[in-house]
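Heavy atoms only: backbone and side chains are in, while hydrogens, waters and symmetry mates are out.
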Amino acid sequence: MRLRFSRKALCIPYVVFLLFFVILPMLTIVYYAFTDQNNHISFLNFINFFSDPTKLSTIVYSIVIAIITTVITLLIAYPVAYILARSSMKKKYVILLLFITPMWINFVLRVNAIRELLNWIGILGEANYFNTILGMVYDFLPFMILPLYTTMQKIDGSLYEASADLGAGAATTFLRVTLPLSMPGVLSGITMVFLPSMTNYVVSDMLGNSKVTIIGKFIETYFGTDWHMGSMIALILLIVVFLSTLLTGGFKSEENARGANL
């Protein structure tokens with residue numbers, strides 16, 4: 001029997017992957033979220049979540065911490081990416097590598113290094129929210145710099161020349177050329193920083209001495225005792241993540257995002 005090659009056969013590994021590692025886990029979370037301890041359909045977990053001030057305040061704290069972290073990383077990363085992208089320095093790739101290198105180091109080791117530094121300074125255990133945000137900015141800064149730099153590198157240099165020929169100053173050129181064309185990188189960086197910083201309880205535990213509780217910590221705690229409530233919190237967080245991605249244009253193609261900002 002002769003086997004025939006079909007392009008559709010190439011989809012099989014991806015379908016199997018999506019089935020076992022995306023669809024089935026999601027269905028499991030939905031099942032536990034809307035059932036009780038006796039595996040009967042129940043909306044009690046949903047009601048309990050939105051009637052508990054502690055859970056609501058935790059998700060608000062998580063969003064606020066994520067927003068602050070994202071804003072700070074953007075304010076730091078944008079000038080760095082802009083300078084490196086526009087610079088003619090021969091060693092600029094080395095400088096970029098220095099910012100990206102922490103991504104290659106184990107995450108826990110990086111957090112421990114920051115923890116030891118804060119302990120040496122003497123503020124570990126004193127400024128818990130500050131320490132948490134500092135640790136998240138340090139950990140996620142490369143994820144903001146890289147997409148910004150990549151996007152700015154693609155901007156055609158002739159656009160800057162045309163802007164100068166038309167009499168535009170540096171500020172006008174930045175506002176009318178650089179900023180609109182760099183928006184895909186901005187949106188990509190925001191997505192890559194905001195979403196994980198809202199759930200990264202390892203940083204808040206280690207640098208905030210477990211006094212800063214974010215939504216990711218709640219999920220980890222409940223999955224150790226109550227899978228039903230843990231699944232409901234995970235499902236609500238997934239909805240928040242989906243809405244955040246939708247609002248930041250994460251589902252748009254780069255061409256659409258670029259065209260919308262011109």
When the side chains of residues 72-86 are checked against the rest of the protein, which donor-acceptor pairs come out under 3.5 Å, sequence neighbours left out?
{"from": "Thr73", "atom 1": "OG1", "to": "Thr69", "atom 2": "O", "distance (Å)": "2.9"}
{"from": "Thr73", "atom 1": "OG1", "to": "Thr70", "atom 2": "O", "distance (Å)": "2.8"}
{"from": "Tyr78", "atom 1": "OH", "to": "Ser182", "atom 2": "OG", "distance (Å)": "2.6"}

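At least one donor-acceptor pair under 3.5 Å links the side chain of Ser204 to the backbone N or O of Tyr201. A donor-acceptor pair under 3.5 Å links the side-chain atoms of Asn48 to the main chain of Leu44, judged by distance alone. In this structure a side-chain-to-backbone donor-acceptor pair under 3.5 Å is present from Thr101 to Leu97. Judged purely by atom type and a 3.5 angstrom limit, Ser197 has no side-chain atom pairing as donor or acceptor with the backbone of Met136. In this structure a side-chain-to-backbone donor-acceptor pair under 3.5 Å is present from Asn45 to Ala33. Thr151 places a side-chain N or O within 3.5 Å of a backbone atom of Pro147 that can act as its donor or acceptor partner. A donor-acceptor pair is defined here as one N or O able to donate and one able to accept, closer than 3.5 Å; no such pair exists between the side chain of Asp226 and the backbone of Tyr222. A donor-acceptor pair is defined here as one N or O able to donate and one able to accept, closer than 3.5 Å; no such pair exists between the side chain of Asn38 and the backbone of His40.
Side chains of Tyr160 and Thr178: a donor on one and an acceptor on the other come within 3.5 Å. A donor-acceptor contact closer than 3.5 angstrom is absent between the side chains of Glu126 and Asn131.
Looking only at side-chain heavy atoms (C-beta outward), Ile236 and Ile215 stay at 4.5 Å or farther from each other. Met198 is listed as a side-chain neighbour of Ile63, based on a closest heavy-atom distance under 4.5 Å. Between Leu237 and Ile59 there is no side-chain heavy-atom pair separated by less than 4.5 Å. Inter-residue side-chain proximity for Leu235 and Phe34 is flagged as met; some heavy-atom pair is nearer than 4.5 Å.
None of Asp205, Thr221, Thr58 except one satisfies the side chain to side chain contact (heavy atoms under 4.5 Å, CB included) rule with Thr213; the exception is Thr58. For the side chain to side chain contact (heavy atoms under 4.5 Å, CB included) test with Asn128, the passing option among Ile133, Asn209, Ile123, Leu207 is Asn209; the others fail.
Residues Phe143 and Trp104 are members of one and the same hydrophobic cluster, defined by side-chain heavy-atom contacts under 4.5 angstrom among Ile, Leu, Val, Met, Phe, Trp and Tyr. Put simply, Ile239 and Phe242 are part of the same group of oily side chains (I, L, V, M, F, W, Y) that touch within less than 4.5 Å, one to the next. Under the 4.5 Å side-chain heavy-atom criterion for grouping Ile, Leu, Val, Met, Phe, Trp and Tyr, Val15 is not connected to Leu24 through any hydrophobic cluster. The hydrophobic cluster containing Ile121 also contains Val111, counting ILVMFWY residues as joined when their side-chain heavy atoms lie under 4.5 angstrom apart, directly or transitively.
Scanning all heavy atoms of the two residues, the minimum distance from Ala234 to Phe223 falls at CB-CE1, 4.5 Å. Pairing each heavy atom of Ile214 with each of Thr199, the nearest pair is CD1-C, 3.7 Å. Contact record, Ile105 with Leu109: CG2-CB, 4.3 Å, taken as the closest heavy-atom pair. Shortest non-hydrogen contact noted between Tyr32 and His228 is O-ND1, 3.1 Å. Taking every heavy atom of both residues into account, Phe140 and Val193 meet most closely at O-CG2, 3.6 Å. Closest approach of Met229 and Phe49 over heavy atoms only: CE-N, 4.4 Å.
The local environment of OH in Tyr61 is sparse, with at most 12 non-hydrogen atoms from other residues, nucleotides or ligands closer than 6.0 Å. Within 6.0 Å of CG on Leu19 lie more than 12 heavy atoms contributed by other residues, nucleotides or ligands. For CZ of Phe50, the number of neighbouring non-hydrogen atoms (other residues, nucleotides, ligands) closer than 6.0 Å is greater than 12. Shown here is Phe43, whose CZ atom has no more than 12 heavy atoms of other residues, nucleotides or ligands within 6.0 Å.
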Inset, instruction - Test side chain to side chain contact (heavy atoms under 4.5 Å, CB included) on Leu146 and Met192 and set out the steps. - result: CA-CA 10 Å; Leu146 193 57; Met192 295 177 68; over 6 Å; no
Legend entry - Residues Thr54, Phe218; criterion side chain to side chain contact (heavy atoms under 4.5 Å, CB included); working and verdict: CA-CA 10 Å; Thr54 302; Phe218 256 12; 3.9 Å; yes
Inset, instruction - For Leu181 and Leu159, run side chain to side chain contact (heavy atoms under 4.5 Å, CB included): C-alpha distance rounded to whole Å, both residues' side-chain angles, the deciding distance at 0.1 Å, then the answer. - result: CA-CA 11 Å; Leu181 293 179; Leu159 295 175; 3.5 Å; yes
Inset, instruction - Start with the C-alpha gap between Phe107 and Asn200, add the side-chain angles, then the distance that decides, and say whether side chain to side chain contact (heavy atoms under 4.5 Å, CB included) holds. - result: CA-CA 11 Å; Phe107 171 74; Asn200 194 340; 3.2 Å; yes
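To the nearest 0.5 Å, the span separating OG on Ser231 from CG on Leu238 amounts to 12.0 Å.
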